[in-house]
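Here's the structure, in structure tokens; my notes come after.
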Amino acid sequence: MQALVRVVTAADPFVGAYQLVEAYGLGKLVPNTVLMGNSENQERRLQYCDLIRKIHEGERSLIILRDNGDRPDEAPTFGRRKRIDIWWGGLQNNGGLMVLLAYLLRTDLEWKRVRIVLKLVVPNEAAAEAAQANLNALVGQLRMDLESQILIGGDRPFPDVLHESSASADLVMLGLASTMADYFDDPEAYADYYSKFQKNTANLPTTLFVLAAPAFDFSKVLVDG
């Protein structure tokens with residue numbers, strides 16, 4: 001793989017990681033997206049979530065890869081590369097970035113036949129018809145060969161619906177909450193949120209946690225080209 005390589009020395013890996021994010025690039029050519037591995041280490045949860053906060057507030061998009069493999073030294077597993085499930089919360093911010101990531105994956109030969117499914121949970125049948133019409137209109141607007149699926153949650157918790165519906169997916173995409181709203185002044189609260197998020201998404205197929213840059217409108221890229 002051809003890339004620009006830069007080595008940063010730091011006493012703390014989290015400090016060094018953010019220093020690398022700030023310093024990496026060539027002149028005005030700087031990356032707008034950071035890819036990280038997921039961390040289950042409870043002892044470093046606050047530091048890990050603080051790095052998420054710094055990257056987000058530094059106006060970079062963040063993608064966290066959570067592999068479903070049993071061994072950390074193995075390459076990520078993506079099943080048959082036949083289906084990507086995007087759990088939908090709207091085109092703005094995370095939704096737009098998730099669709100864009102799925103579209104870019106489809107340009108790879110190994111993913112060229114992948115189905116991209118937008119999944120939205122509604123409480124009852126009454127809400128399903130309008131939600132389906134909205135998703136159908138969006139899919140038509142994007143012109144990207146996407147599928148949509150409305151799921152009736154009823155009284156079931158969202159994690160139950162998520163696991164049942166995405167158990168056979170090859171890649172799952174879920175949006176992370178922004179650190180700049182409810183969690184801006186409370187890093188421990190965000191660490192607690194992330195811990196619960198990990199618990200609720202455990203044992204899924206390989207998953208991407210996606211947090212879009214706050215200052216970029218991905219919907220303009222998708223709709224306007």
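The first residue in the sequence is number 1, and the count goes up from there.
Heavy atoms of other residues, nucleotides or ligands lying less than 6.0 angstrom from CD of Glu188 number 12 at most. Counting non-hydrogen atoms of neighbouring residues, nucleotides and ligands closer than 6.0 angstrom, the CG atom of Asp155 reaches no more than 12 such neighbours. Within 6.0 Å of CG on Asn203 lie no more than 12 heavy atoms contributed by other residues, nucleotides or ligands. Residue Glu147 places its CD atom among more than 12 non-hydrogen atoms of other residues, nucleotides or ligands, all under 6.0 Å distant.
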- Query: Going through the distances and angles, do Asn32 and Ser61 end up as a side chain to side chain donor-acceptor pair (under 3.5 Å)?
  - Reply: CA-CA 6 Å; Asn32 58 13; Ser61 292; 5.9 Å; no
- Message: side-chain contact (heavy atoms from CB on, under 4.5 Å), that's the test. Do Ile55 and Tyr18 meet it? Break it down for me.
- Response: CA-CA 7 Å; Ile55 291 172; Tyr18 188 65; 4.3 Å; yes
- Task: Any chance you could lay out the side-chain contact (heavy atoms from CB on, under 4.5 Å) test for Arg106 and Asp145, step after step, and finish with the verdict?
- Result: CA-CA 11 Å; Arg106 188 185 267 163; Asp145 190 21; 3.7 Å; yes
- Task: Under the side-chain contact (heavy atoms from CB on, under 4.5 Å) rule, what do Glu110 and Phe78 come out as? Steps first, then yes or no, please.
- Result: CA-CA 10 Å; Glu110 292 186 335; Phe78 298 105; over 6 Å; no
- Query: Does the side-chain contact (heavy atoms from CB on, under 4.5 Å) test come out yes or no for Thr206 and Thr77, once each step is laid out?
  - Reply: CA-CA 7 Å; Thr206 297; Thr77 54; 3.8 Å; yes
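In this structure a side-chain-to-backbone donor-acceptor pair under 3.5 Å is present from Asn124 to Ala127. Panel note: side chain Asn94, backbone Leu176; a donor-acceptor pair is recorded below 3.5 Å. Put simply, the side chain of Gln198 gets close to the backbone of Ser39: a donor and an acceptor are under 3.5 Å apart. Arg60 contributes a side-chain N or O that, together with a main-chain N or O of Val21, makes up a donor-acceptor pair within less than 3.5 Å.
Remark: Phe197 engages Tyr193, Phe209 in a ring-ring contact (aromatic ring centres under 6.0 Å, His included) (not counting sequence neighbours). For Asp192, the salt bridge (Lys or Arg N to Asp or Glu O under 4.0 Å) partners at least two apart in sequence or on another chain are Lys196. In terms of the ring-ring contact (aromatic ring centres under 6.0 Å, His included) criterion, residue partners of Trp87 (sequence neighbours excluded) are, by chain and number, Phe158. Shown here are the side-chain contact (heavy atoms from CB on, under 4.5 Å) partners of Ala191, two or more places apart in sequence or in another chain: Arg45, Leu46, Cys49.
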Could you pull out all donor-acceptor pairs under 3.5 Å where a side-chain atom in residues 96-105 meets a protein atom, sequence neighbours excluded?
none

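What you find for Ser148 and Val139 is that their closest heavy atoms are CB-CG2, 4.4 Å. Summarising the geometry of Pro31 relative to Tyr24, their closest heavy-atom pair is CG-CD2, 3.5 Å, with the distance given to 0.1 Å. Taking each heavy atom of Glu59 and Pro214 in turn, the nearest pair found is CA-CD, 4.0 Å. The two residues Ser165 and Arg83 come nearest to each other via the heavy atoms O-NH2, 3.0 Å. Taking all atoms of both residues into account, the shortest heavy-atom contact from Ser166 to Leu204 is CB-CD2, 4.4 Å.
Residues Ile84 and Val117 do not share a hydrophobic cluster, clusters being chains of Ile/Leu/Val/Met/Phe/Trp/Tyr side chains in contact below 4.5 Å. In the hydrophobic clustering of ILVMFWY residues, with side-chain heavy atoms under 4.5 Å counting as a link, Leu118 and Ile150 come out together. Leu65 and Trp111 fall within a single hydrophobic cluster, where Ile, Leu, Val, Met, Phe, Trp and Tyr are joined by side-chain heavy atoms under 4.5 Å apart, directly or via other members. Leu135 is connected to Ile152 through a chain of hydrophobic side-chain contacts under 4.5 Å among Ile, Leu, Val, Met, Phe, Trp and Tyr, so both are in one cluster. Linking ILVMFWY residues whenever their side-chain heavy atoms come closer than 4.5 Å, directly or via other members, places Val114 and Leu146 in the same cluster.
Atom NE2 in His163 sits 8.0 Å away from atom CG in Asn200 (nearest 0.5 Å). One distance of note links CE of Met173 with CD1 of Ile63; it measures 8.0 Å at 0.5 Å rounding. For the atom pair NZ of Lys82 and CZ of Arg113, the computed distance is 6.5 Å after rounding to the nearest 0.5 Å. In this structure, Leu208 CG and Asp85 CG are separated by 12.0 Å, a value rounded to the nearest 0.5 Å. Taking OG1 of Thr179 as the reference point, atom CG of Asp186 lies at 12.0 Å (rounded to 0.5 Å). Here the CD atom belonging to Glu22 is positioned 8.5 Å from the NZ atom belonging to Lys54, to the nearest 0.5 angstrom.
Note: Tyr194 and Tyr48 have tilted aromatic rings, judged against thresholds of 30 and 60 degrees for the angle between ring planes.
Applying the salt bridge (Lys or Arg N to Asp or Glu O under 4.0 Å) test to every pair with at least one member in residues 158-170, sequence neighbours left out, gives these pairs: Arg156-Glu164.
With a 4.5 Å cut-off on side-chain heavy atoms, Thr201 and Val172 do not count as touching. Within the 4.5 Å cutoff, no side-chain heavy atoms of Lys199 are placed close to those of Pro159. With a 4.5 Å cut-off on side-chain heavy atoms, Asn134 and Leu120 do not count as touching. At least one side-chain heavy atom of Met36 sits less than 4.5 Å from a side-chain heavy atom of Leu62.
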